[in-house]
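Position 1 is the first residue of the sequence, and the numbers go up from there.
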Amino acid sequence: MKIYDDIIKIFEDGIFGPTDIVIIWGKRRRGKSSLAGMFMDQFMRPKIAKNDVQTSKAICNQIREAGYNIHPPTDHTVFCDTFFESKGFGRKRNSPYKFNGIDFGLPNETHNTELLCPCGRYFLDETQDLFDSHRPSLSTFVTKSIELSGQMKIFLCLIAQRPKRIHIDIRELAVFIEVVKMKKVYNKYGRIIECFWECNIIYENADLEQYLNTHDRKYIDKRVMFKYKGNIFNCYDTNYFLPMFFRNMENRDLILEKTKRTEFSTSFFDEYFKNRVIDIPDSYFGKKPKSPKKEEVLSADGKTVA
């Protein structure tokens with residue numbers, strides 16, 4: 001299995017390209033976000049970053065000649081919706097630029113989007129809700145921005161636990177990287193000195209679906225290993241999504257009530273049904289609760305009044 005620790009070599013060997021759409025997926029805690037971090041680190045290294053900035057600058061110069069006011073970054077062109085910090089030996093620490101995935105798309109009249117950076121390298125985590133395959137279609141300003149992203153020389157990396165939750169309009173254009181497992185190498189002091197990701201590469205959505213249905217390895221195009229020298233976990237925040245579990249919960253505490261055996265009493269049965277929902281409310285499915293119907297009252301002449 002070939003090992004890659006240089007994104008330029010990844011491009012040269014055709015694992016994926018600098019203007020591809022890449023979907024990183026795999027089961028929980030397999031190392032998806034950390035692998036994306038490894039790619040971000042590569043894009044921020046001086047050699048590739050300098051080339052990306054020059055390419056971005058050239059495009060921006062052309063756009064400014066048309067009367068627009070756009071200026072590229074001066075250090076790198078990496079954007080992400082989480083935290084990451086490059087900590088390479090002998091290199092100045094650096095971080096991607098903040099970007100919210102909901103702002104990705106072409107300018108339009110219905111939803112505000114942010115200006116995309118020419119030659120930008122965009123990394124979006126937990127994207128199954130943003131580009132949800134359960135929706136019949138994505139907005140045109142989203143699909144068109146992805147279809148035309150090559151014109152802007154954009155690289156787009158999406159991270160999801162289940163690739164089929166990503167809408168097919170995106171999957172049909174993507175390269176799929178399944179993170180099978182991650183390996184950490186420790187020195188004698190117990191510190192992580194190297195990180196490896198064993199991955200499967202699939203290039204067609206049809207093959208991905210067959211692989212997911214059958215688990216037949218013949219649908220895997222390549223098996224590769226990616227390598228990061230150092231501790232990738234020092235570079236990104238594993239607690240980044242933790243606040244989502246505490247939204248509007250400032251005055252709440254854990255419910256710590258021990259389980260009990262069944263008692264054949266009215267009070268126990270009443271308490272039991274507090275913890276066992278039979279009729280699931282509409283709010284559970286993201287719908288607003290239905291307003292109660294107004295009672296109809298008949299007047300003396302038989303007409304309905306409120």
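With hydrophobic clusters built from ILVMFWY side chains whose heavy atoms lie under 4.5 angstrom apart, I10 shares a cluster with I24. Residue I21 is not grouped with residue F39 when hydrophobic side chains (ILVMFWY) are merged at heavy-atom distances under 4.5 angstrom, including chains of intermediate members. By the criterion of side-chain heavy atoms lying less than 4.5 angstrom apart, applied directly or through intervening Ile, Leu, Val, Met, Phe, Trp or Tyr residues, F104 is grouped together with V142 in one hydrophobic cluster. When the side chains of ILVMFWY residues are joined at heavy-atom separations under 4.5 Å, either directly or via intervening members, I159 and I170 end up in two distinct hydrophobic clusters. V185 and Y4 end up in different hydrophobic clusters when Ile, Leu, Val, Met, Phe, Trp and Tyr side chains are linked at under 4.5 Å.
A distance of 13.5 Å separates CD1 in I201 from CG in D207, rounded to the nearest 0.5 Å. In this structure, CG on N205 lies 8.5 Å from NZ on K164, to the nearest 0.5 angstrom. How far CZ of R64 is from SG of C60: 6.5 Å, rounded to the nearest 0.5 Å. Rounding to the nearest 0.5 Å places NZ of K144 at 11.0 Å from CG of D169. Atoms OG and CG, from S86 and N94 in turn, are 7.0 Å apart once rounded to the nearest 0.5 Å. Taking OG1 from T55 and NZ from K153, the interatomic distance works out to 7.0 Å, rounded to the nearest 0.5 Å.
Using a distance-only test at 3.5 Å, with no hydrogens or angles considered, no donor-acceptor pair links the side chain of K222 to the main chain of C199. For T127 (side chain) and L130 (main-chain N/O), no donor-acceptor pair under 3.5 Å exists by modelled atom type. A donor-acceptor contact shorter than 3.5 Å links the side chain of H111 to the backbone of I102. Under a 3.5 Å cut-off, the side chain of D132 and the backbone N or O of H134 do form a donor-acceptor pair. In terms of modelled atom types and a separation under 3.5 Å, the side chain of S95 and the main chain of F84 share a donor-acceptor contact. A donor-acceptor distance shorter than 3.5 angstrom exists from the side chain of Y122 to the backbone of C117, with no hydrogens or angles considered. Side-chain atoms of S56 never come within 3.5 Å of backbone atoms of V53 as a donor-acceptor pair (strictly under, hydrogens ignored). Between the T143 side chain and the L138 main chain, no donor and acceptor come within less than 3.5 Å of each other. At least one donor-acceptor pair under 3.5 Å links the side chain of K32 to the backbone N or O of G26. Between the side chain of R28 and the backbone N or O of Q161 there is no donor-acceptor pair closer than 3.5 Å.
A heavy-atom distance below 4.5 Å is found between the side chains of E147 and L173. The shortest side-chain heavy-atom distance between I63 and P118 does not fall under the 4.5 Å cut-off. M182 is listed as a side-chain neighbour of C195, based on a closest heavy-atom distance under 4.5 Å. Two residues are said to be in side-chain contact when any heavy atoms from C-beta on lie closer than 4.5 Å; I48 and F11 meet this criterion.
Here the closest non-hydrogen pair linking D221 and I202 is OD2-CA, 3.4 Å. Between T113 and D103, the shortest heavy-atom contact is CB-O, 3.4 Å. Closest approach of M152 to I59, counting heavy atoms only: O-CD1, 4.3 Å. Considering every non-hydrogen atom in both P96 and M44, the closest pair reads N-SD, 3.9 Å. Between E263 and F269, the shortest heavy-atom contact is O-CE1, 3.3 Å. Closest approach of C235 and N231 over heavy atoms only: SG-O, 4.0 Å.
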F131/I23 under side chain to side chain contact (heavy atoms under 4.5 Å, CB included): CA gap, chis, key distance, verdict: CA-CA 12 Å; F131 306 117; I23 297 177; over 6 Å; no
Working for side chain to side chain contact (heavy atoms under 4.5 Å, CB included), residues C80 and M40: CA-CA 9 Å; C80 77; M40 281 191 276; 3.7 Å; yes
Trace of the side chain to side chain contact (heavy atoms under 4.5 Å, CB included) decision for M249 with N251: CA-CA 6 Å; M249 292 288 187; N251 299 317; over 6 Å; no
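The number of heavy-atom neighbours closer than 6.0 Å to CD of E194, taken from other residues, nucleotides and ligands shown, is above 12. Around the NZ atom of K50, the shell of radius 6.0 Å holds no more than 12 heavy atoms that belong to other residues, nucleotides or ligands. By the neighbour-count criterion of 12 heavy atoms within 6.0 Å, atom CZ of R162 is sparsely surrounded, having that number or fewer from other residues, nucleotides or ligands.
E271 and K260 are not joined by a salt bridge, as no carboxylate oxygen comes within less than 4.0 angstrom of a charged side-chain nitrogen. The existence of a salt bridge linking D81 and K98 is excluded, since no basic side-chain nitrogen approaches an acidic carboxylate oxygen closer than 4.0 Å. The pair D129-R165 meets the salt-bridge criterion, since a charged nitrogen lies less than 4.0 angstrom from a carboxylate oxygen. Checked for salt-bridge contact, D13 and K2 meet the test: a charged N lies under 4.0 Å from a carboxylate O.
Every residue was checked against the ring-ring contact (aromatic ring centres under 6.0 Å, His included) condition with H71, not counting sequence neighbours, and none meets it. Y219 pairs by the side-chain hydrogen bond (donor to acceptor under 3.5 Å, both in side chains) definition with nothing, not counting sequence neighbours.
Using the six-membered ring where Trp is involved, Y97 and H76 have ring planes that are tilted, between 30° and 60° apart. Note on ring orientation: taking the six-membered ring where Trp is involved, the planes of F99 and F79 are perpendicular (angle over 60°, cut-offs 30° and 60°).
A ring pair (Phe, Tyr, Trp, His ring centres under 6.0 Å) check over residues 143-187, counting only residues at least two apart or in different chains, returns the pairs F16-F155, F43-F155, F123-F155.
Of the candidates I7, D52, L156, D52 is the only one forming a side-chain contact (heavy atoms from CB on, under 4.5 Å) with R121. Among K227, K183, R223, R30, the single residue meeting the salt bridge (Lys or Arg N to Asp or Glu O under 4.0 Å) criterion with E198 is R223.
In this model, no donor atom of one side chain and acceptor atom of the other lie less than 3.5 Å apart for E65 and N61.
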